[in-house]
Every structure is written in structure tokens, then in C-alpha cells.
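Every value quoted in this text rests on a predicted model; they were computed, and no experiment measured them. One-based numbering, in listed order, for ligands and for the atoms of each. Keep in mind that the numbers below use all heavy atoms, side chains included, and drop hydrogens, waters and symmetry copies.
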Amino acid sequence: MNVSIVGATGYGGMELIRFLNNHPQFKIKSLHTSSQFGRSLYEENAHLMHMKDTLEEINPEAIAKKSDIVFLATPSGVSSQLISEFSDLDIKVIDLSGDLRLQTPGEYENWYKKPAAPQHIIEEAVYGLAEWNAEAIKKAAFIANPGCYPTASLLGLAPLFTEGLAGADADVIIDAKSGVSGAGKSPSAVTHFSEMNENFKIYKVNQHQHIPEIEQQLGRWSSGLQPITFNTHLVPMTRGIMATMYIKVNRETSNVELKDLYETVYENHPFVRVQPLDRFPSTKQVYGSNFCDIGIDYDERTGKVTVVSVIDNLVKGAAGQAIQNANILMGLEETAGLWNSPLYP
Ligand SMILES: NC(=O)C1=CN([C@@H]2O[C@H](COP(=O)(O)OP(=O)(O)OC[C@H]3O[C@@H](n4cnc5c(N)ncnc54)[C@H](OP(=O)(O)O)[C@@H]3O)[C@@H](O)[C@H]2O)C=CC1
Ligand SMILES: CC(=O)N[C@@H](CCC(=O)OP(=O)(O)O)C(=O)O
């Protein structure tokens with residue numbers, strides 16, 4: 001099966017290339033750029049010197065003739081425009097940006113400050129939280145790949161909400177931290193070395209665009225959900241997300257019960273690794289891999305559960321989950337091309 005990547009020169013695009021080069025079924029047919037067509041991929045990306053591919057311009061019709069799937073690894077506001085052109089063609093679309101995730105166009109415009117994609121396409125797009133939406137993903141024409149923070153958060157919260165231990169009044173607090181590659185390839189005044197080295201920053205306080213995405217999915221599991229508190233921090237490391245979450249449960253529980261619950265829920269989901277009792281994950285243990293590792297603790301004093309969830313933002317939070325979704329969509333093993341150990345140390 002042939003695949004193409006739009007936004008191939010970005011961090012998400014290059015991570016797609018890294019995994020797709022070792023995929024048993026998918027073959028990269030073309031790589032696309034909005035600004036560098038005609039140039040070789042390796043010219044500005046020395047780590048890909050072994051690849052001789054030339055970057056091509058973005059022509060949806062030509063892409064659909066070559067490929068079965070196109071990955072859009074482009075900034076927000078791009079796929080909302082491109083998607084109409086692809087929607088008339090015989091090709092599946094997996095969008096890594098936030099453009100197809102929010103079901104209400106007004107919500108998208110409110111949080112992303114950009115025009116939304118056409119409503120009928122948003123309605124048709126399937127939210128690609130791979131562990132939780134496989135049946136819909138199998139039939140999708142457009143997949144909205146989840147955001148990095150929502151992936152870490154939702155995988156950690158899901159068992160409590162789907163198994164009835166937490167409900168509308170769970171008073172969810174998510175305290176999340178990310179490595180700097182989460183902000184993409186272009187340097188900025190916030191992310192350049194002297195700003196980030198030996199520094200730790202909170203950003204987008206109570207304004208992050210992933211708030212409505214997390215609330216939307218939690219609301220599907222628990223109707224009437226009260227607004228959540230979600231804040232994000234930048235950490236001076238390249239990759240990794242840790243979401244530390246506090247959830248009020250609706251009855252007394254124990255660590256043994258919680259561990260059993262999480263293990264049962266994720267029994268057939270090889271990318272989610274529930275930690276042993278009293279162990280909590282760190283970002284390095286998932287570095288470069290598609291794993292999401294989760295640690296859980298019940299605080300008897302407060303009646304709250306603490307859940308710690310870690311992913312690699314570029315893999316499970318972006319390219320890895322996108323390939324996992326492509327595998328599900330094409331009826332392959334969901335682990336195809338993704339079953340590698342984290343890079344350690
Ligand atoms: N970084 C991360 O951890 C995560 C990112 N995402 C999302 O994935 C998407 C890609 O992110 P990331 O790879 O980090 O971003 P980057 O900024 O690293 O790369 C984006 C790429 O998109 C291309 N691009 C820029 N403008 C346009 C345009 N107008 N039309 C078409 N292509 C364009 C650029 O390449 P060129 O100039 O060659 O066209 C660029 O290399 C974003 O929507 C991001 O929010 C989601 C989860 C995690
Ligand atoms: C560290 C960092 O800056 N991370 C980015 C993640 C962006 C992203 O993935 O945005 P969408 O999912 O909405 O496309 C941020 O917090 O905005």
C-alpha cells in the first residue's frame with residue numbers, strides 16, 4: 001500500500017518517515033512541501049541523507065493517483081482548507097493537526113482563531129484515539145489524529161470514566177508538561193535554547209486549545225461533564241509528555257482495585273503499559289516509541305485518584321498513533337511497523 005506525506009519536512013512528518021521506512025506494508029510514495037519543492041529531502045535534514053527523495057508540491061489529485069493514504073502533518077489551518085480537495089478523491093486522509101478534531105466549527109474557531117473546515121467533513125471525521133475508537137476508525141474516510149496532550153490525558157483517564165468510577169462531577173485537573181519538540185520545528189522566542197535551557201515554563205494558562213478536545217471525548221464517556229482544569233508546561237528536554245491528573249472518584253477504592261481495572265481495560269492494547277503498584281512512569285521510558293505508560297494511586301485522604309501518563313509527543317502523540325490508525329484502517333495488525341523498544345538511556 002502506498003502512502004504520501006504532506007508536511008514531510010516538519011518534526012511530525014519526519015517521524016512518520018522514520019517509522020514508515022521500516023513498515024512491512026506501507027511504502028512511502030511521495031513527500032510534499034509548501035515551500036521547498038524540487039529540493040532533496042536530505043538537503044536540510046542531514047539525518048535522512050540515506051534517502052534520495054525529492055520534495056514535491058502539494059497537488060491532491062496527483063497524490064490520490066499515487067497513494068492509498070495521505071498523512072497531513074501540517075500546521076493548524078492548512079488541512080481545514082486542503083481537506084475539501086481530498087474529499088472528492090479516492091484516498092484516505094489522516095490529519096495530524098487539530099483541524100478535524102472538534103465537532104463544532106464554532107469551538108474550533110474560538111480556540112484556534114482560524115476558519116474551521118467544512119461542517120460535513122468535520123462530522124464525517126473520526127477521532128483517532130486508537131485504543132478507544134477502532135471500530136469507527138476501520139470505516140473512516142478522514143481520521144482526526146488526536147493531539148499530543150489529549151492522547152496522554154485521555155488514555156490515562158479513560159478507565160475511570162468508562163468503568164463508572166468517575167462521572168460528571170469528577171473535577172478533573174490535568175497538570176501537563178511537554179518537551180520542546182511539541183512546538184514544531186520553527187524556533188521561536190519562547191523555545192530557543194537560551195530561553196528554555198535550565199528553565200521551566202507554564203504557557204497558555206487556562207487557554208490551551210486542547211481543553212475542548214479533552215472535554216469533548218470525556219463528555220462522550222460521561223454526559224454532563226463539568227469543565228476540566230488543564231494546564232501545560234514546557235520542560236527543557238526534546239521529547240516527551242507527562243500528564244499528572246487528579247480525579248475525584250465517586251466511591252472508595254484501592255490501588256489494587258485500580259490496577260486490576262486498568263490492566264483489564266488495556267489487556268488487549270499492547271501500546272498501553274500499566275505500571276506495577278507504587279511505580280510511576282518517566283518520559284524516558286517511552287522515548288522514541290509508541291507506548292503510553294500509566295501509573296495510578298488512590299489518595300484515601302482526599303478521595304481522589306492521581307494518574308500519571310507519559311508518551312513521546314512525536315510518536316504516540318503524533319506520527320506513531322497516525323500509523324497505528326492507518327494500520328487499523330487498512331485491516332493490518334495495529335502494531336505493524338511500530339513495535340520498537342524505546343531508545344534508552
Ligand atoms: N510536534 C508535536 O509533538 C505534535 C504536533 N502535532 C500537530 O501536527 C502538525 C505538524 O506538527 P509539527 O510537525 O510539529 O510542525 P512543524 O512546524 O515541525 O512542521 C510543519 C510542516 O508543515 C509544512 N507547512 C507549513 N506551512 C504549510 C502550508 N501553508 N501548507 C502546507 N504545509 C505547510 C512545513 O513544511 P514546508 O515549509 O516544507 O511545507 C513544516 O515542515 C501540527 O498541526 C501540530 O500541531 C500534533 C501532535 C504532536
Ligand atoms: C510544546 C508545545 O508547544 N506544544 C504544542 C502542541 C501543539 C499541537 O500539537 O497542536 P494541535 O494538536 O492543536 O495541532 C502546544 O502546546 O500548542
Q | Ligand-side contact atoms (ligand 1) for residue partner Gln36, heavy atom cut-off under 4.0 Å | A | 38 (O)
Q. To the nearest 0.1 Å, how far is atom 47 (C) of ligand 1 from its closest protein heavy atom, and which atom is that?
A. Gly317 O, 3.1 Å
Q | Heavy-atom neighbours of Tyr42 OH exceed 12 at 6.0 Å | A | no
Q. Hey, is Ser76 one of the residues with a heavy atom under 4.0 angstrom from ligand 2?
A. no
Q | 4.0 Å protein heavy-atom contact status of atom 44 (C) of ligand 1, strictly under | A | no
**Q.** Nearest heavy-atom neighbours spanning Lys316 and Gln321
**A.** O-CB, 3.2 Å
Q) Which residue and non-hydrogen atom of the protein lie closest to atom 13 (O) of ligand 2, and at what distance in Å? A) Tyr112 OH, 2.6 Å
Q) Is it true that atom CZ of Phe193 has more than 12 heavy atoms of other residues, nucleotides or ligands lying nearer than 6.0 Å? A) no
**Q.** Beyond-backbone contact of Pro227 with Glu215, side-chain heavy atoms, under 4.5 angstrom
**A.** yes
Q. Where is the nearest protein heavy atom to atom 9 (O) of ligand 2: which residue, which atom, and how far?
A. Cys148 SG, 3.8 Å
Q | Side-chain heavy-atom pair Ser289, Val315 within 4.5 angstrom cut-off | A | no
(Q) Counting only heavy atoms from other residues, nucleotides and ligands, does the tally under 6.0 Å from CD of Glu123 exceed 12? (A) yes
Q. Numbering the atoms of ligand 1 from 1, which are under 4.0 Å from a heavy atom of Thr9?
A. 34 (C), 35 (O), 36 (P), 38 (O), 40 (C), 41 (O)
Q) Are the side chains of Glu85 and Glu61 in touch, meaning some heavy atoms are under 4.5 Å apart? A) no
(Q) Among all the protein's non-hydrogen atoms, which is closest to atom 27 (C) of ligand 1, and how far away is it? (A) Ser34 OG, 3.4 Å
(Q) Tell me whether Ser186 has any N or O atom under 3.5 angstrom from an N or O of ligand 1. (A) no
Q) Can you tell me the protein heavy atom closest to atom 22 (O) of ligand 1 and the distance? A) Pro75 CD, 3.3 Å
Q | 4.0 Å heavy-atom contact, Arg101 with ligand 2 | A | yes
Q: Give a yes or no on whether a salt bridge exists between Lys29 and Glu56, defined as a side-chain N under 4.0 angstrom from a carboxylate O.
A: no
Q) Distance-only, no hydrogens or angles: does the Thr191 side chain make a donor-acceptor pair with backbone N or O of Pro187 under 3.5 Å? A) no
(Q) Would Gly12 count as a polar contact of ligand 1, with the cut-off being nitrogen or oxygen pairs under 3.5 Å? (A) yes
Q. Does Ser181 approach ligand 1 within less than 4.0 angstrom via side chain, backbone, both or neither, non-hydrogen atoms only?
A. backbone
Q) With respect to Asn145, which candidate in Asn325, Asp95, Thr151 satisfies the side chain to side chain donor-acceptor pair (under 3.5 Å) definition? A) Asn325
Q: Give the residue, atom name and distance (to 0.1 Å) of the protein heavy atom nearest atom 15 (C) of ligand 2.
A: His208 NE2, 3.3 Å
Q. Are the side chains of Lys248 and Val305 in touch, meaning some heavy atoms are under 4.5 Å apart?
A. no
(Q) Quick check on side chain to side chain donor-acceptor pair (under 3.5 Å): which of Tyr127, Tyr108, Trp111, Tyr149 does Glu213 satisfy it with? (A) Tyr127
Q | Ala183 contact mode with ligand 1 (heavy-atom cut-off under 4.0 Å) | A | neither
Q. Can you tell me the protein heavy atom closest to atom 11 (P) of ligand 2 and the distance?
A. His210 NE2, 3.3 Å
Q: Name the orientation class of the two ring planes belonging to His269 and Trp132 (parallel below 30°, tilted from 30 to 60°, perpendicular beyond 60°).
A: parallel
Q: May I ask you to say whether Glu107 pairs ionically with Arg101, meaning some side-chain N is under 4.0 Å from a carboxylate O?
A: no
**Q.** Atoms of ligand 1, numbered as shown, that sit under 4.0 Å from any heavy atom of Leu314
**A.** 1 (N), 2 (C), 3 (O)
Q: Pick one of side chain, backbone, both or neither for how Ala183 approaches ligand 2, counting any non-hydrogen atom pair under 4.0 Å.
A: both
Q | For Lys204, atoms of ligand 2 separated by under 4.0 Å from a heavy atom | A | 15 (C), 16 (O), 17 (O)
(Q) Contact between Ile58 and Ser34 at the side-chain level, heavy atoms closer than 4.5 Å - yes or no? (A) yes
Q: Tell me which protein heavy atom sits closest to atom 6 (C) of ligand 2, plus the residue, atom name and distance to 0.1 Å.
A: Gly182 O, 3.4 Å
Q. To the nearest 0.1 Å, how far is atom 10 (O) of ligand 2 from its closest protein heavy atom, and which atom is that?
A. Gln209 NE2, 3.4 Å
Q) What do we get for Thr74 next to ligand 1 when only non-hydrogen atoms under 4.0 Å count, side chain, backbone, both or neither? A) both
Q: Heavy-atom contacts with Ser76 under 4.0 Å: which atoms of ligand 1 show up? List them by number with element.
A: 43 (O)
**Q.** 4.0 Å protein heavy-atom contact status of atom 5 (C) of ligand 1, strictly under
**A.** no
Q) So do Leu31 and Val6 actually touch side chain to side chain, heavy atoms under 4.5 Å? A) no
Q: With heavy atoms of Leu234 as the reference, note each atom of ligand 2 found under 4.0 Å away.
A: 1 (C)
(Q) Heavy atoms only, cut-off 4.0 Å: how does Ile58 contact ligand 1, side chain, backbone, both, or neither? (A) side chain
Q | ligand 1 atoms in contact with Ser97 (distance to a heavy atom under 4.0 Å) | A | 43 (O)
Q. Between the side chains of Ser80 and Asp99, does any donor sit under 3.5 Å from an acceptor?
A. yes
Q. Is the closest side-chain heavy-atom distance between His32 and Ile63 below 4.5 Å?
A. yes
Q. Does any non-hydrogen side-chain atom of Ile173 lie less than 4.5 Å from one of Met245?
A. no
Q) Tell me, which protein residue and heavy-atom name are nearest atom 2 (C) of ligand 2, and how many Å apart are they? A) Tyr203 OH, 3.2 Å
Q. Backbone, side chain, both or neither: what part of Lys185 comes under 4.0 angstrom of ligand 1, heavy atoms only?
A. both
Q) Can you list the atoms of ligand 2 that are under 4.0 Å from a heavy atom of Tyr149? A) 16 (O)
**Q.** Nearest-contact summary for atom 14 (O) of ligand 1 - protein heavy atom, Å
**A.** Gly184 CA, 3.3 Å
Q. Looking at atom 11 (O) of ligand 1, would you say a protein heavy atom lies below 4.0 Å from it?
A. no
Q. Is ligand 2 under 4.0 Å from a heavy atom in the side chain of Asn313, in the backbone, in both, or in neither?
A. neither
Q: Enumerate the atoms of ligand 1 whose separation from the nearest heavy atom of Ala318 is less than 4.0 angstrom.
A: 47 (C), 48 (C)
Q.
Please list, in number order, the atoms of ligand 2 under 4.0 Å from a heavy atom of Gly98.
A. 14 (O)
